[in-house]
Number of protein chains: 2
Amino acid sequence: MGMGRPREFDAEVALDQAMEVFWRHGYEGATIAQLTEAMGINPPSLYACFGNKEGLLKAALDRYTKLRNVWMDGVVAAPTARDVAERMLMGIAEKQTDPANPPGCLLVQGGIATGTGSENVPFELAARRAQNEDQLRDRFVRAKAEGDLKPTSDPAALARYVSAVSVGMGVMASSGSDREALRQVADVAVQAVEMQSARG
Amino acid sequence: MGMGRPREFDAEVALDQAMEVFWRHGYEGATIAQLTEAMGINPPSLYACFGNKEGLLKAALDRYTKLRNVWMDGVVAAPTARDVAERMLMGIAEKQTDPANPPGCLLVQGGIATGTGSENVPFELAARRAQNEDQLRDRFVRAKAEGDLKPTSDPAALARYVSAVSVGMGVMASSGSDREALRQVADVAVQAVEMQSARG
DNA sequence: CCACATCTGTAGTGAACACTACAATTCTGG
DNA sequence: CCAGAATTGTAGTGTTCACTACAGATGTGG
């Protein structure tokens, strides 16, 4: 018994193309026709490989968050809570205005509100945003234990705050704000974290 | 020559219902069937009154921003830049988790990314968000002139920052964050503005 | 009371959507 | 080289979408 005809496309390359379409048009705004054209395949190949449109989105999100987590590991490796916030927000200002990608963040652009039948998508995106927030919170908990953050500081609140600013910057980027505008936002935002630092 | 059969529904009441549907499902996620049912009218009445789906959205946005502007006038009436930021962000924490409305902000939920043919919608929302930012900026310019904000402060950057935090809070609210979580974000965010205050 | 203008409900319209049936093709194992 | 398994391109499927034609209803001006 043979193993069948081999796939003629690279699933990861195709996923990158699909990711860009979802990033630019959102889950519901992206059509199968756009996706298959960008991926360079025909609908049956898409469905055989990813199940359905939502399965394709999840695969694209997995790939997106995987790359993002590598970056986040570098962010939380900064020596202080203040530097973590600065590295994160300044990095986001850069990434979200990188002309190599659509503006903004896939975890926001993917879909905040949806029609009936796609209610699952916003939850999926929110869950992945929450992962980043958790990682930040853990880092800030450590910073507090180390005496880097004030004893009165609230690491969870700080993490939520940095996460909220990131999302806000993503929306700004997608609606045309340039890199300098985002840097200014990041610069102001970092000062709030600085105020919670022991030597702030 | 007569004036024709009079309209049997109240356009403002119908708009409120349409606003809620757009708020919950976004522009593209809202269907004409959902809109007409919520408004209590049939499609021909909708099209006769508002032109098309996008015209209905614009009318709903006009109504939304009109109410919001009244509130914003109260916000910028606060005595200091810091109090303006606090009043705005704490008020947003409350409004975006008000069970009388869908969670979040219509100017975000309405549509960040869209499919082909609705590219105009995100611009429309961004333009209305920019109005609020401009109003904040003007208020912070005044605060700087009054010596309330430091001479080194950047009113435009501060306004952008507060606007970005507002948007981020809106996304958080729509993905399930409760009022207390938003209040914590607002509380941290205000501290950055406080640092730019002359007596901060 | 009649001509006319506008609204209302019913019942569709064509287009676009996500998804798939099917037959031809290309591989592996024996 | 042949049988079976998986992928491929073509060409659809039914459904849902925004939007509208039309006929009856309800008002105003003369």
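Keep in mind that what you see is a predicted model, and the values were worked out from it rather than measured.
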_Rounded to whole Å, how long is the line connecting atom CD of B:Glu54 with atom C1' of D:dC19?_
14 Å
*Has B:Glu119 got more than 12 heavy atoms of other residues, nucleotides or ligands less than 6.0 Å from its CD?*
yes
*Measure from the side chain of B:Asn52, starting at C-beta and using heavy atoms only, and say which of C:dT8, D:dC19, C:dC27 lies closest.*
D:dC19
_With a 4.0 Å cutoff (strictly under), does any side-chain N or O of B:Tyr47 reach OP1 or OP2 of D:dT20?_
no
_Quiz question: by atom type and distance under 3.5 Å, do the side chains of A:Asp73 and A:Gln135 form a donor-acceptor pair?_
yes
*asked:* From the set D:dC17, D:dG27, C:dT8, return the single nucleotide nearest to any side-chain atom of B:Thr31.
replied: D:dC17
_Between P on D:dT15 and NZ on A:Lys53, what's the gap in Å once rounded to a whole number?_
19 Å
*In whole Å, what is the span from the CG atom of A:Asn42 to the P atom of C:dA18?*
15 Å
*Taking the side chain of B:Met3 as its heavy atoms from C-beta onward, which of D:dT28, C:dG9, C:dC27 lies nearest to it?*
D:dT28
*Of B:Pro43 and A:Arg7, whose closest DNA chain D nucleotide lies nearer the 5' terminus?*
A:Arg7
*asked:* If you assign B:Glu28 and A:Gly4 each to the DNA chain D nucleotide with the nearest heavy atom, which residue ends up on the more 5' nucleotide?
replied: A:Gly4
_For B:Phe22 and B:Tyr27, take the angle between the two ring planes, folded into 0 to 90°, and tell me which bin it lands in: parallel under 30, tilted 30 to 60, perpendicular over 60._
parallel
_Result of checking A:Gln17, A:His25, A:Met39, A:Arg24 against A:Gln34 for side chain to side chain contact (heavy atoms under 4.5 Å, CB included)_ = A:His25
_Phosphate contact (D:dT7 OP1 or OP2) by A:Ser45 side-chain N/O below 4.0 Å_ = no
*With the side chain of A:Pro44 defined as its heavy atoms from C-beta on, choose the nearest nucleotide among C:dA21, C:dT8, C:dC19.*
C:dA21
*How many Å lie between CD on A:Glu8 and C1' on D:dA5, as a whole number?*
15 Å
*asked:* Show, in sequence, the C-alpha distance, side-chain angles and deciding distance for B:Arg137 and B:Asp134, and conclude whether the salt bridge (charged side-chain N to carboxylate O under 4.0 Å, His left out) test is met.
replied: CA-CA 5 Å; B:Arg137 189 202 54 211; B:Asp134 289 345; 3.6 Å; yes
*To the nearest Å, how far apart are A:Met39 CE and D:dG9 P?*
13 Å
_Atom-pair distance (OH on B:Tyr27; P on D:dA18), nearest Å_ = 8 Å
_Separation of C:dA16 P from A:Gln34 CD (nearest whole Å)_ = 12 Å
*asked:* In this structure, how many angstroms lie between the P atom of D:dC17 and the CG atom of B:Leu46, rounded?
replied: 15 Å
*To the side chain of B:Arg5, which of C:dT6, D:dC19, C:dT20 is closest?*
C:dT6
